[in-house]
Structures are given as C-alpha cells and as structure tokens.
Number of protein chains: 2
Amino acid sequence: MCAAAIPDIIIGRLPLYLRALSKMATEDKEITSSQELGARLGISSAQIRKDLSQFGEFGKQGTGYNIVFLIDQLRRILHVNQIWDVALIGAGDLGKAIANYGGFLNRGFQIVAVYDNDPHKVGQPAGKYIVRATRNIVDEIITKKIRVAMLAVPASEAQGIADQLVKAGIRAILCYAPTSLKVPEDVRIQYIDPVLHLQRMTYYMP
Amino acid sequence: MCAAAIPDIIIGRLPLYLRALSKMATEDKEITSSQELGARLGISSAQIRKDLSQFGEFGKQGTGYNIVFLIDQLRRILHVNQIWDVALIGAGDLGKAIANYGGFLNRGFQIVAVYDNDPHKVGQPAGKYIVRATRNIVDEIITKKIRVAMLAVPASEAQGIADQLVKAGIRAILCYAPTSLKVPEDVRIQYIDPVLHLQRMTYYMP
DNA sequence: TAGATTGTTAATCGATTAACAATC
DNA sequence: TAGATTGTTAATCGATTAACAATC
C-alpha cells in the first residue's frame, strides 16, 4: 500500500512558491495569504492552497501562512534544505556564465567541478574553478559522489556526454543544449532552450 | 464569429516539434511519422497528430509527414519565417554569453542592440555589439521598432527595466532574472530560471 | 464576536489517449 | 492489393476552480 504520487505539475510549482516566498522574506514580511502569493505569481489562490495541502496543513485559518515556516517546509519537501554538489560540463561562454553565477548556493546547489574537452580550456580558470578534462569525467563524478549535472555543451555533443553522466551515477541533468536527449527513465532531465520560449511568444504576434 | 483559440499548451509544443524536425532535416531524412517524432520527444503519436491537425492537414495517410514541408508550415504558424529583431538588456556574464550565442539567427531571431546601465560597460564590446546605455532604451527601441526583448539583469532591476520595455512597445519578454514580473496582459512574458528546474528534480531524489 | 482565510469537497473544465474509418 | 499512417471522434483521464464549513 502506498500513497498516490503527487502530480509532477504540482511539484513544478513548488519552486516558484519558494522563490516568491523567499523574496517576501527579504521584504521583512512575516505572514502571507494564498491570495497575496497567487497575485504575485498569476496563480489562483485555490490552486496554491490545494497544492500546499498535498503536503500538510501549513496555514492558519483567518491568518494565512507564516512565511519563514512555509519556506522551511518547501525546502524540506524539495530537498533543498541541503546543498547539492553539481558538475558543470561545458566551459564556453554559457558555461563560464553559469560557473560565475552567484545565485545557486542560497537555493540549494553548488558547482564543484567544471569540465570541457577543449585542450585549450582544460587547466584554465572558469570563474573560481579550474576546467578539468572531460576524458576523466566518469571516474571523477563517481569518486566525488556527484548526482546533479548541468550540461552546457554544443547540441552535437550533448547525448554523448549525457551517456557518460548516466554511467557515472548522475540522477538529474539540466540540459542547456537545444536538443532532446535519451536517458533512462530513472534519471531526471530538464531543458533550457531560450528559442523555444521566444517562438512560443511570436506565435501570438502578428 | 471567430474560431476557438488554440490552447497555449499546444503552442508550447510546436517549437519542440520544429526543433526535432530541423534536426531530422540535417540528417537528410525526407519523411517522418507522428510515431517517430513522438519517440524522439517522449510524446505520444496521437498527441502530435492532434496538435498538428489544429492547423491543417499536413500529412499523408500511409506515408507520414514530409519534413521540409512540415518545417515550413510550423515556421509560418510560429511566425519565425522571418527574422525578429531582439533587444538584449544586461551585459554581465550571462548577457555576454547570450550576445555571443550563434543559435538564434537560424531559428528566427537576431539581437540588434545590447544595453547595460553600468558606465564601465557602456561603450565596451559584448560579442559583436557595443553596449549601449540603458538610459536611452525607450526612445531607441521605439525608433528601431523592436518588439522582442531578452532580460539578463539582476532580479532587483528587472521590474524597472520591464516597465520601460513595455513603454517602448516591446510585446514579448524573455526574462532570465529569477523573479516574477508584472506586465500588461497583452505583453507576453516567459521565464528562464535554472534553479527552478534543479529544484523540480531534487524533489524526486532521496 | 466579527472578519478573514484555510483545507477540502464536488463540479467544472480541459487535455490526453485509444481506436478506427479513411486513404495513400 | 496489402500495409501503413493520418485525421478525427469519443472516452478517459487529470487539473482547475468555485464554494463553504471549519476555525483562527
């Protein structure tokens, strides 16, 4: 006997709630309501209450939600009440920008190694990291017990690297390459392709 | 009397189809089927046929879809059978990476101006562009008739810039800042926040 | 108490899938 | 013709919303 799995579409909204609540916390707000949170995000208050109620009773009738408490709960639910080590593959312009980005740590992630297969880049700095040779990536990821990876390599190389990541025990891949990858179904994958978003918007523009 | 609007969730898949078909074209394939396309994307063949049938009858029974023809149709539907001028705001690491990215042009977009409000950056190169002062952005976007913008500035500045973009007649904003923005409902907005994707995956990881 | 907001139920709404006639 | 695949219908499935009792 096991509880029904929570729909992934709900899971997808929780990080959004967490982000908005974290911003409220920086504004020194203590309490919020499903209505206020929904207004900020463009989501109905009913949906927010329904989503949160999947995981517990976090609010108080007549009052709303304590922001710090709800942040703690969401971080726990999303498993970002810890810092995940992340491998970054690709030290081109985008890879370097990612390596330099300061917004990962306080949201649960830290890059611990940067890889590239270009001999001109290996050994050179990328942000505060020294670029390592992709050749050794499987062994190194296994040794370091890294389970999350970001892939910022050309589309033509992405599948080959992804195969190695899977072999190395990576369980979650964030792919910046504009291509669809095949990974085992027990490995999570998410994609970022800015052009998909742009094209989705130009459809509506005459 | 007007035809029912096509659901946005369908519009969101069309760029994905276009991307996969374009890849097939580079592989010198001429024909594909809803089944093959679906297998590549992890989408059911029924859904692909249903989605496409919203816009016309693009396939042949017994045969499938001509790839080049279907690419043409999708480009027409998504309005990327033209090149859209894009303004990029933010010339930090990420902005520079975006400015240098070579993958926009053959998918319907070209950056025509890069802005930053840091005096140390204004006048300096970002890729093949010279960074311009954000101070003048409204007039310049109006003059250049730009209607699409990418926003790669810190979250704290994003809303202020977005307000100016709206004033300048921008109709579509791709926001890389990790924050939710308020824009009029006739302005399209899409977000890219890598941490949202990472947190969505760690939920499933013990 | 009066006012406000939650958590939850039931109803509505919309999206996906299965199946198959049409037809290449 | 035989085999294959589309376009479409109807059925299923799942997500969202409206509404309200509970209660702070």
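Since we're looking at a predicted model, the values are computed, not measured. Letters go in sequence order (proteins before strands), and every chain restarts at 1.
Partner assigned to C:dT23 is D:dA4, using Watson-Crick or G-U wobble distances below 3.5 angstrom. Pairing partner, D:dA18: C:dT9, with both Watson-Crick or wobble hydrogen-bond distances short of 3.5 Å.
Note on A:Tyr65: every side-chain N or O is 4.0 Å or more away from OP1 and OP2 of C:dA4. Listed pair A:Arg49 / D:dT16 fails the phosphate criterion, with no side-chain N or O lying under 4.0 Å from OP1 or OP2. Under 4.0 angstrom from either OP1 or OP2 of C:dT16 there lies at least one side-chain N or O belonging to B:Gln47. In this model, the phosphate group of C:dT17 is approached by a side-chain N or O of B:Ser44 to a distance below 4.0 Å at OP1 or OP2. Remark: B:Thr63 is not in phosphate contact with C:dC24, judged by side-chain N or O atoms under 4.0 Å from OP1 or OP2.
Among all heavy-atom pairs drawn from A:Arg19 and B:Ser180, the shortest one is NH2-OG, 3.3 Å. Residues B:Tyr65 and B:Arg49 approach most closely at OH-CG, 3.7 Å, considering heavy atoms.
Ion pairing between a basic and an acidic side chain is recognised when a charged N comes within 4.0 Å of a carboxylate O; A:Asp186 and A:Arg171 show such pairing.
In this structure, the nucleotide among C:dT5, D:dA15, C:dT8 sitting nearest to the side chain of A:Ser33 is C:dT5. Checking D:dT9, D:dG7, C:dT8 against every side-chain atom of B:Lys50, the shortest atom distance belongs to D:dT9. Of the candidate nucleotides C:dA18, C:dG7, C:dT23, C:dG7 has the atom nearest to the side chain of A:Ser53. For B:Ser34, taking side-chain heavy atoms from C-beta onward, the closest of the listed nucleotides C:dT5, D:dT8, D:dT6 is D:dT6.
B:Ser45 comes within 4.0 angstrom of nothing in the nucleic acid, heavy atoms only.
A distance-only check finds no donor-acceptor pair linking the side chain of A:Ser34 to the backbone of A:Ile48 [under 3.5 Å]. Judged by distance alone, with hydrogens and angles left aside, the side-chain atoms of A:Tyr101 form no donor-acceptor pair with the main-chain N or O of B:Leu94 at under 3.5 Å.
DNA chain D is contacted by both A:Lys60 and B:Gly62; B:Gly62 maps to the nucleotide lying nearer its 5′ end (nearest heavy atom per residue).
Atoms CD1 (A:Ile9) and C1' (C:dA15) sit 10 Å apart, rounded to a whole Å.
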